[in-house]
A.B. asks: 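The structure is given below, and queries will be raised subsequently.
Throughout, a chain's letter reflects where its sequence line sits, starting with A, and its residues are numbered from 1. Being a predicted model, the structure only gives us computed values, none of them experimental.
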Amino acid sequence: MSARGAVPAPADLPGEVVPAAFFARATLEVARALIGCVIATGRGAALTAGRIVETEAYLGEDDPASHAARGPTPRAAIMFGPPGVAYVYLIYGLHHCLNFVTERDGAAGAVLIRALVPVAGRAAMARRRAGGGAPPSPSALCSGPGRLCQALGIDRSWNGEPAQGPRLRVLARGGPPPGIATSPRIGVRQAADRPWRFTALPGAAEPV
DNA sequence: ATATGGATGCAA
DNA sequence: TGCATCCATATT
């Protein structure tokens, strides 16, 4: 414990902030590499963080399920831009989805974050998720792309946010690579056969 | 199984 | 403009 007391600080989280170059690789590679990393939003008393246990890869023109499939439309243009920034969009009119842009500048790709295991700021997450109602069950706290955005306080204003800043950052996992299972992406109708969903094997990516 | 709800992209 | 579609969630 620090002498400053119980207020969580980013330094209390394991791992170093990953550089933007981490994301400047093939999307499928980044989707695997992100499993076990920690996403953190906010600082100090507002810190919320969770370990990534589920991702999905969305590629460029070759991937019919990707927003980038129809070229750099206003929404998808960010997927063609520099890697290492957040791509946040609204789905079904009520939920937000957090992605990280991949590939070199000029090539399209993004990794959707589908589930986290809470690491810090559980109370704040539960507060944001509850919204005045009953507190969510532990499994519903930040498991699911819409849920984790709500838990981390992420909305469309975070679109384009660098993942190496004070507001949003991704921390590398220490230790050996976790076991990863692959499966088809959830909820996609186009290219439903492509096994581009990555999940941490049970117990393989638990918090340090 | 179903209601919810807004943005997006394309056809017209 | 209109309209089908959409990487989801909470509740019956």
Side-chain angles (χ1 to χ4, degrees), chain A residues 23 26-35 37 39 48 50 52-81 83-103 107-118 122 125-161 163 168 170 180-200:
Chain A
F23 299 92
T27 305
L28 291 168
E29 196 179 330
V30 177
R32 284 182 169 276
L34 279 172
I35 298 290
C37 294
I39 300 177
T48 45
I52 301 169
V53 294
E54 181 179 350
T55 63
E56 283 176 1
Y58 288 87
L59 280 50
E61 281 90 343
D62 300 334
D63 179 4
S66 172
H67 288 166
R70 276 155 295 186
T73 61
R75 178 177 64 174
I78 190 168
M79 290 182 66
F80 291 78
V85 302
Y87 167 39
V88 181
Y89 63 86
L90 187 67
I91 189 162
Y92 298 128
L94 50 155
H95 303 296
H96 298 280
C97 288
L98 170 66
N99 303 250
F100 292 108
V101 175
T102 59
E103 307 278 351
V111 173
L112 170 68
I113 309 302
R114 285 198 59 91
L116 305 176
V117 170
R122 288 165 172 269
M125 291 191 200
R127 209 177 308 124
R128 291 197 275 237
R129 290 273 299 120
S137 69
S139 65
L141 188 59
C142 50
S143 174
R147 290 170 181 164
L148 72 88
C149 280
Q150 191 176 18
L152 294 178
I154 291 171
D155 60 27
R156 270 177 306 168
S157 75
W158 294 61
N159 192 41
E161 190 75 23
L168 173 68
V170 175
I180 295 174
T182 65
S183 54
R185 295 172 293 184
I186 299 295
V188 306
R189 314 182 69 160
Q190 306 284 331
D193 56 311
R194 303 186 192 182
W196 291 346
R197 174 177 178 239
F198 303 95
T199 52

A.B. asks: For a quick test of reading the model: is some side-chain N or O of A:Arg129 closer than 4.0 Å to OP1 or OP2 of C:dA10?
C.D. replies: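 For C:dA10, OP1/OP2 do have a side-chain N/O of A:Arg129 under 4.0 Å.
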A.B. asks: Base, sugar-phosphate, or nothing: which does A:Leu112 touch, judged by heavy atoms less than 4.0 Å apart?
C.D. replies: base
A.B. asks: Could you grab the distance from atom CG of A:Leu90 to atom CG of A:Asp155, nearest 0.5 Å is fine?
C.D. replies: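 That separation rounds to 9.5 Å.
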A.B. asks: Using heavy-atom distances to pick each residue's nearest nucleotide on DNA chain C, tell me which of A:Tyr89 and A:Gln150 is more 5'.
C.D. replies: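 It is A:Tyr89 whose nearest nucleotide is closer to the 5' end.
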A.B. asks: Taking all atoms of both residues into account, what is the closest heavy-atom pair of A:Asn159 and A:Ala86, and its distance?
C.D. replies: OD1-O, 3.6 Å
A.B. asks: Counting runs of three or more consecutive pairs, Watson-Crick or G-U wobble, with each distance below 3.5 Å, where are the stems of DNA chain B?
C.D. replies: B:1-4 with C:8-11, B:6-11 with C:1-6
A.B. asks: Is A:Asp62 paired with A:Arg194 through a side-chain N to carboxylate O contact shorter than 4.0 Å?
C.D. replies: no
A.B. asks: Without placing hydrogens or testing angles, list every side-chain donor-acceptor pair under 3.5 Å for residues 138-147 of chain A, not counting sequence neighbours.
C.D. replies:
from	atom 1	to	atom 2	distance (Å)
A:Ser139	OG	A:Ser137	OG	3.3
A:Arg147	NH1	A:Ser143	O	2.9

A.B. asks: Side chain of A:Arg147: nearest nucleotide among C:dT9, C:dC6, C:dA8?
C.D. replies: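 Comparing C:dT9, C:dC6, C:dA8 against the side chain of A:Arg147, the answer is C:dT9.
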A.B. asks: A:Ile186 CD1 to C:dC6 C1': how many Å, rounded?
C.D. replies: 15 Å
A.B. asks: Apply side-chain contact (heavy atoms from CB on, under 4.5 Å) to residues A:Tyr89 and A:Asn99 and explain how you reach the verdict.
C.D. replies: CA-CA 9 Å; A:Tyr89 63 86; A:Asn99 303 250; 3.2 Å; yes
A.B. asks: Might you point out which heavy atoms bring A:Leu116 and A:Gly50 nearest each other, and give the distance in Å?
C.D. replies: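 Closest approach of A:Leu116 to A:Gly50: CD2-O, 3.9 Å.
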A.B. asks: Please determine which of A:Val111, A:Ile39, A:Leu112 meets the side chain to side chain contact (heavy atoms under 4.5 Å, CB included) test together with A:Leu98.
C.D. replies: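 Of A:Val111, A:Ile39, A:Leu112, side chain to side chain contact (heavy atoms under 4.5 Å, CB included) with A:Leu98 is met by A:Ile39 alone.
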A.B. asks: Once salt bridge (Lys or Arg N to Asp or Glu O under 4.0 Å) is applied, do any residues pair with A:Arg114, and if so which ones, sequence neighbours excluded?
C.D. replies: A:Glu54, A:Glu56
A.B. asks: Taking it one step at a time, do A:Asp63 and A:Tyr58 satisfy side-chain contact (heavy atoms from CB on, under 4.5 Å)?
C.D. replies: CA-CA 7 Å; A:Asp63 179 4; A:Tyr58 288 87; 4.1 Å; yes
A.B. asks: What are the residues of residues 134-145 of chain A, sorted by number, that bring a heavy atom to within less than 4.0 Å of DNA chain C?
C.D. replies: A:Gly144, A:Pro145
A.B. asks: Please state whether the phosphate of C:dC6, meaning OP1 or OP2, lies under 4.0 angstrom from any side-chain nitrogen or oxygen of A:Arg189.
C.D. replies: yes
A.B. asks: Between protein and nucleotides 4-12 of chain B, map the contacts as a letter string: B base, S sugar-phosphate only, - none, heavy atoms under 4.0 Å, written 5' to 3'.
C.D. replies: BBBSSSS--
A.B. asks: By ring pair (Phe, Tyr, Trp, His ring centres under 6.0 Å), which residues pair with A:Phe198, not counting sequence neighbours?
C.D. replies: none
A.B. asks: Using the rule given for side-chain contact (heavy atoms from CB on, under 4.5 Å), can you reason through A:Ile52 versus A:Cys37, listing the C-alpha separation, both sets of side-chain angles and the distance that settles it, and then say yes or no?
C.D. replies: CA-CA 6 Å; A:Ile52 301 169; A:Cys37 294; 4.3 Å; yes
